[in-house]
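Here the structure is laid out as structure tokens; the discussion comes afterwards.
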Amino acid sequence: MKVHTRPASEAGLFRTVLAAGILLTVASAGPSDVWSYEVIEVTHGGTVTGKVTLDGEVPTPKGFNLITFPDPVYCGRISNGRGWRLLRDFVVDSEGGLKDAVVVLEGVAAGKPFELSVPRIEARDCQFNPFVTVVRNGHAVEVVNMDPVMHDIQAYETSLELGTRVLFNSPLPMNPNHRRGDLHATHEHLPGKSMIEPVSLSKGRRTFYMQCGFHAYMESWAIAVTSPYYAVTDPTGSYRIEDVPPGTYQLIVWHPQTGPMQMRSVTVTANGTAVENFSLQAPKGRRTAFQVMDNPRFGPESLGYPVEIVPLVEHQH
């Protein structure tokens with residue numbers, strides 16, 4: 001089956017969600033469709049399953065010199081051991097399976113219960129988890145700081161046709177449950193106070209990009225869903241969407257770093273299984289200004305005082 005790519009605006013109109021100091025973008029076909037999903041008993045539902053792979057060489061992780069950002073010791077708990085924080089925005093297994101791709105069935109008006117209500121985004125060890133998520137239109141998001149350092153939320157909505165627009169800039173206060181006496185020590189990550197806010201909608205863009213204004217290596221992306229028929233690929237690139245009412249729908253797949261989404265038609269039969277695999281093209285050439293360089297002028301010694309950056313949590317290679 002031939003795969004077509006479309007600009008974001010051609011896949012339907014989308015709305016923006018303002019929640020917890022973060023603006024996320026929510027998919028919608030129009031004002032009357034926001035609340036149109038109906039919960040029904042699904043009998044003889046089918047399944048859509050498959051795998052998303054990356055076609056091409058896995059891009060080099062983005063590299064951030066820790067001494068150019070605040071909190072190098074604590075945030076250096078995840079580093080390469082030489083003072084560089086790495087952002088692995090492509091996680092690919094040995095067979096090319098791509099993690100964190102979102103697969104969505106569009107056009108399902110009625111089906112199983114839609115349980116997604118308040119997705120949670122954590123700032124933990126100076127990274128946003130999850131890296132890719134989804135949000136439900138008309139509900140809320142929860143954001144919580146798990147770190148003994150302060151973060152700053154900078155949110156943007158993006159569109160291939162409309163471009164990027166700054167949406168919000170809000171501080172995420174330091175978590176008071178952790179002492180800063182020994183930043184090398186492991187701790188349980190007790191949560192700070194949650195930020196939960198209702199959503200607010202606007203038309204035009206469909207994807208969301210969040211970055212910490214203090215720590216640029218902290219990123220999170222989101223795409224909106226209007227029904228429970230979606231999946232985020234696992235570490236092998238696999239996905240599975242179950243209890244789908246029989247019918248013909250649009251199936252889309254999206255990853256924040258591979259360009260336009262792919263879209264195809266899929267027919268789900270009663271008690272049947274539709275297998276749909278996708279291959280997303282890896283970016284080519286230099287895609288970022290953030291690269292690891294061995295330059296002693298900007299090493300830890302350039303601070304003028306002793307600093308020990310220990311990759312306690314994860315040793316990235």
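A ring-centre distance under 6.0 Å is not found for H215 and F64.
Under 3.5 Å, the side chains of T47 and T49 contain no donor-acceptor pair of N or O atoms. Side-chain contact check for Y239 and D234: no donor-acceptor pair (N or O, by modelled atom type) lies under 3.5 Å.
For E219 and K62, the salt-bridge test passes: some basic side-chain N is under 4.0 Å from an acidic carboxylate O. At a threshold of 4.0 Å, the pair E41-K112 does not count as salt-bridged, since none of the basic side-chain nitrogens sits closer than that to a carboxylate oxygen.
In this structure, N175 and N145 approach most closely via the heavy-atom pair ND2-O, 2.9 Å. In terms of heavy atoms, P283 sits closest to P59 at CD-CG, 3.9 Å. Of all the heavy atoms in T233 and D100, the pair that sits closest is OG1-N, 3.0 Å.
Listed by chain and number, the residues in a salt bridge (charged side-chain N to carboxylate O under 4.0 Å, His left out) with E115 amount to none (sequence neighbours excluded). Residues satisfying the disulfide (SG to SG under 2.5 Å) test with C212, not counting sequence neighbours, are none.
Residue pairs meeting the salt bridge (charged side-chain N to carboxylate O under 4.0 Å, His left out) criterion with at least one member in residues 246-262: none, sequence neighbours excluded.
Using bins of under 30°, 30° to 60° and over 60° for the plane-to-plane angle, the ring pair F90/H255 lands in the parallel bin. Between Y217 and F69, the two ring planes are perpendicular [angle over 60°; tilted spans 30° to 60°].
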Go through the steps to decide whether V102 and V134 satisfy the test side chain to side chain contact (heavy atoms under 4.5 Å, CB included), and finish with yes or no.
CA-CA 8 Å; V102 182; V134 296; 3.9 Å; yes

Check step by step if side chain to side chain contact (heavy atoms under 4.5 Å, CB included) holds for N277 and T53.
CA-CA 8 Å; N277 299 317; T53 56; over 6 Å; no

Please determine whether salt bridge (charged side-chain N to carboxylate O under 4.0 Å, His left out) holds for the pair E95 and K51, giving the CA-CA distance in whole Å, both sets of side-chain angles, and the decisive distance to 0.1 Å.
CA-CA 11 Å; E95 297 182 355; K51 187 170 182 176; 3.5 Å; yes

Side chain to side chain contact (heavy atoms under 4.5 Å, CB included) assessment of V52 paired with L280
CA-CA 7 Å; V52 179; L280 301 182; 3.9 Å; yes

Mind running side chain to side chain contact (heavy atoms under 4.5 Å, CB included) on C126 and H151 for me, showing each step along the way?
CA-CA 8 Å; C126 300; H151 297 300; 4.1 Å; yes

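From Q211, atom CD reaches atom CH2 of W221 across 9.5 Å, with rounding to the nearest 0.5 Å.
With hydrogens and angles disregarded, no donor-acceptor distance shorter than 3.5 Å links the side chain of R264 to the backbone of Q250.
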